Amino acid sequence: MGWLFKNREDAITCNSDAAADAWRQAAKAKKTGDAKAVKAWTDWARDCDQTATGFANGDYDDVLKNP
């Protein structure tokens, strides 16, 4: 099986970084008045945050090489 992440810390960092980037993109979209993009980026940021929390809780250990 191919592993998505080396360990829990790697998974949390990756998802947290993706969430931070999505929040920045949402802010840029808000400045341009693109409400559709703001919603899309905000939804993605929240999803990444929830996934990071899931990794922290051990919910996705099956995709970690070393949980």
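All values derive from a computational prediction rather than experimental measurement.
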Given side chains that start at C-beta, do those of Arg8 and Asp61 come closer than 4.5 Å, heavy atoms only?
yes
Candidates Asp59, Ile12, Asn15 - the one meeting side chain to side chain contact (heavy atoms under 4.5 Å, CB included) with Thr51
Asn15
Closest contact, heavy atoms only, [X] versus [Y]:
X: Ala11; Y: Leu64; value: CB-CD2, 3.8 Å
X: Ala22; Y: Trp44; value: CB-CD1, 3.6 Å
X: Ala19; Y: Asp49; value: CB-OD1, 3.1 Å

Quick check: Phe5 with Phe55 (ring centres under 6.0 Å apart)?
yes
Crowding at CH2, Trp23 (>12 non-hydrogen neighbours, <6.0 Å):
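Enclosed.
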Does Thr13 reach the main-chain N or O of Asp10 with its side chain, forming a donor-acceptor pair under 3.5 Å?
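No; zero donor-acceptor contacts below 3.5 Å.
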Could you state the interatomic distance from CD (Glu9) to OG (Ser16), rounded to the nearest 0.5 Å?
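Going from CD on Glu9 over to OG on Ser16, the span is 10.5 Å.
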Quick one: OG1 on Thr42 to NZ on Lys30, what's the gap to the nearest 0.5 Å?
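The distance works out to 9.0 Å.
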